[in-house]
Amino acid sequence: MSRLFPFHGGLKTVRHKTESNTLPIEAGPLPRRLVVPLRQHMGNAAKPIVRPDDRVLKGQMIGRPDGYISAAVHAPTSGMVTAVDWQPVPHPSGLPDLCVTIETDGEDRWIEHEPVDYRRLHPSELRNVLRNAGVVGLGGAAFPSAVKLNPAGHCERVDTLILNGAECEPWITCDDRLMRERAADIVAGLHVMVHLLEPREVLIGIEEDKPEAIAAMTAACTGTGYAVRVVPTRYPSGGAKQLILLLTGRETPDQGLPLDIGVQCFNVATAYTVQRAIAFGEPVLSRIVTVTGHVQRPCNIEALLGTRFADLIARCGGYRDGIERLIMGGPMMGFALHGDEVPVTKATNCILAASAEQLTPEQPVMPCIRCGACADVCPANLLPQQLYWFARAKEFDKARAHHLFGCIECGCCSYVCPSHIPLVQYYRYAKNEIRARDQEKEKAELARQRHQARQERLEREKQEREARLRQKAPPRAAEAVAEPAGRAE
C-alpha cells in the first residue's frame, strides 16, 4: 500500500539542509590521540579488556559486551593504549565516563578480518556476530541492534520492517548523503535484517525534500520487493513511532515497543554498518557526522570514533566569528556541550556550531495562558499543558496516568509556547523522579523478599534441627517423657 496515515501535530521547521548536503562525504582525520568511550550504546557499558601499554590493531575489541543489552567497542586504528580512565564525554550532564585512550601510530594496521556467510549461520550466531561487531542504532538512540533483531517474546512474526531515512531534524544531513552515495550498501545490510526477521513487507521512509536520496534508494531496491515511501517534510516524521504510524497506520502502545504491533524500525546508517560487518568483517569504527552551522565549510565527515569534536571543526575550516553554542544533534532534540574536547561516539550524528542568530533568543518565562498551542502540535497526541502542571506540582502519579512516558521529548511544545515555558525540561524532570522512585520501590521490595526468605530459611533450619534431635533422642528418654502422662490418666 502506498497510502500514508498522517500523525497528529508536528511542525514545519526551517530545514537548513543545503548548508551541508551539497558536498560528498569526506574522510575524517587520523588524530594523534583517540579517546574511545566504553559506553556508546544503551544498556551496560562494555567492559575494558585492554590495559595501558597494550598495543592494539585497528578493529581489535577493546571493550567486551556486558550483559544482554550491551555491545562491543573496538580500536578505531592501530596504536598504543595509554590510559583506561574517566574522560569527558558528550552527555547533557557534562560528567565523565570510562574511556580507552589510544595514541595512534599512523600505520592504521588492521586485525585479520574476513566476510561472514550469514546465510549459513544460525540466527543466534548471526546476532552474536553483530553484537561483537558493535552494531547499534545510529539514528541517535544507539540501542544494540542484535537485541532488536531478536523478536522472541514480543511477537510471533515481524509483519513490517521499516528502514528510517526520514532525517527530519533541521541541519542534520548525514543520512541524506549516505543514501545518495552508498544506497547499494544500505540495501545489502537490509538483506541481512530481512534474513533474520523474515518480514512480510519492507518499507523505506524518506522525507520528500531528499529527491536524490529517494532516487538512489529506489534504484538500489529494484527487484528486491522493498518499497520506498516518500513521507511529508514535517518534524518529527523521523521519530520511530511517528514513521510507523505514517507508513502502516498502526500506533505503538504507550510505553510499548514496535514489536508489540509486529513492526521493527532501523536507521539507514545502521543497515550500512550491518553490511560492513557481514561483507567485510569490519566492526563499527567510524560514523558519518554532519558538521554544520557557524563553521567555515559545513559538510559531512566519516569520522573515527574517539575523534575530538575540535578536530572535526578544524577539518571544516574552524569556527566563524560569533559562535554562541555547540550542540550535539539538532536544535530540537540535541543538547548543548560544555566544550569541543569531547570525542565522537556512535550516537554522534551532528555537531552544530550555532550563532546567536541561529538560536531562539532566550525569553523570560511567563505564566501559562492555557492557549492549547502545545496540544495542537504534540505528535504523541498528549496533553502537554496538563503534564506541565502535574510535573510542576510533583503530582507524578497523575503525570504517569496522563501518559507522561508517551512523550518523545521532540520539543514541539516548547517551540510553540508563547510563554516560553521549557516544557520538555519539566517532562524530563518528572520522568527521572518517577524512575528514581520506582527503583527505590524495587529495592525496598527486594529487601523485603530477602528478609522474608531469610526468616523462612531460619525457621526451616530450626525445624530441621529439632527433627534431628528427636531422631537422636534415646528410647528411655522418650519413655520417661511419656510416663507422667500415663499416671495422669
Side-chain angles (χ1 to χ4, degrees), residues 13 15-26 28 135-143 145 161-190 193 202-221 226 228-240 242-244 246-247 265-276 284 286-293 298-303 305 312 328-334 344-352 410:
T13 59
R15 305 295 286 169
H16 289 293
K17 301 285 191 177
T18 55
E19 285 86 341
S20 60
N21 71 358
T22 57
L23 298 174
I25 298 168
E26 298 184 9
V135 178
V136 303
L138 297 186
F143 193 86
S145 298
L161 173 58
I162 293 177
L163 205 59
N164 188 344
E167 198 169 50
C168 61
E169 180 100 7
W171 294 98
I172 308 176
T173 61
C174 53
D175 289 347
D176 182 12
R177 288 305 320 185
L178 179 67
M179 289 187 287
R180 292 195 207 184
E181 300 180 33
R182 305 176 190 179
D185 292 330
I186 294 170
V187 174
L190 183 55
M193 295 176 172
V202 177
L203 305 176
I204 303 171
I206 307 175
E207 280 194 321
E208 61 191 359
D209 66 344
K210 302 176 180 61
E212 295 91 345
I214 292 167
M217 290 297 294
T218 300
C221 290
Y226 308 156
V228 175
R229 293 283 182 259
V230 180
V231 301
T233 302
R234 188 171 188 83
Y235 177 83
S237 62
Q242 283 66 46
L243 187 60
I244 289 170
L246 266 171
L247 297 180
C265 186
F266 294 89
N267 180 263
V268 291
T270 307
Y272 175 74
T273 59
V274 168
Q275 188 269 345
R276 301 301 298 182
V284 182
S286 63
R287 69 151 298 143
I288 298 167
V289 181
T290 301
V291 184
T292 187
C299 63
N300 286 279
I301 299 175
E302 186 163 9
L305 302 177
L312 298 187
M328 175 169 145
M332 300 297 291
M333 297 185 73
V344 170
T345 68
K346 296 174 185 178
T348 308
N349 56 357
C350 179
I351 302 171
L352 173 58
C410 63

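Along the sequence shown, residues are numbered consecutively beginning with 1. Computed from a predicted structure; not experimentally measured.
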Counting distance only, does the side-chain N/O of [X] pair as donor-acceptor with the main-chain N or O of [Y] below 3.5 Å?
X: R177; Y: N21; result: yes
X: T290; Y: C174; result: yes
X: R276; Y: V284; result: no
X: N164; Y: G238; result: yes

Non-hydrogen side-chain atoms of [X] and [Y] separated by less than 4.5 Å:
X: I351; Y: T292; value: no
X: I288; Y: I301; value: no
X: I186; Y: L163; value: yes
X: M332; Y: P236; value: no
X: V344; Y: V289; value: yes
X: T270; Y: V136; value: no
X: V187; Y: M217; value: yes
X: L190; Y: F266; value: no

Out of curiosity, [X] [atom1] to [Y] [atom2], how far, rounded to the nearest 0.5 Å?
X: S237; Y: I206; atom1: OG; atom2: CD1; result: 11.5 Å
X: L138; Y: N349; atom1: CG; atom2: CG; result: 9.0 Å
X: C299; Y: L23; atom1: SG; atom2: CG; result: 6.5 Å
X: E167; Y: Y235; atom1: CD; atom2: OH; result: 13.0 Å
X: C350; Y: D175; atom1: SG; atom2: CG; result: 11.0 Å
X: E302; Y: S286; atom1: CD; atom2: OG; result: 4.0 Å

Those residues at least two apart in sequence (or on a different chain) that pass side chain to side chain contact (heavy atoms under 4.5 Å, CB included) with R15 are T13, K17, E207, D209, K210, T233

So which atom in [X] and which in [Y] form the shortest heavy-atom distance, rounded to 0.1 Å?
X: G137; Y: S145; result: N-OG, 3.7 Å
X: L352; Y: G329; result: CB-O, 3.9 Å
X: C168; Y: G239; result: SG-N, 4.5 Å
X: G293; Y: P298; result: O-CG, 4.1 Å
X: V274; Y: G189; result: CG1-O, 3.8 Å

Sorted by chain and residue number, the ring-ring contact (aromatic ring centres under 6.0 Å, His included) partners of F143 (sequence neighbours excluded) come out as none

- Item | side-chain contact (heavy atoms from CB on, under 4.5 Å) between R182 and I25, worked out | CA-CA 10 Å; R182 305 176 190 179; I25 298 168; 4.1 Å; yes

Quiz item: Salt bridge or not for E208 and R234, using N-O below 4.0 Å?
Solution: no

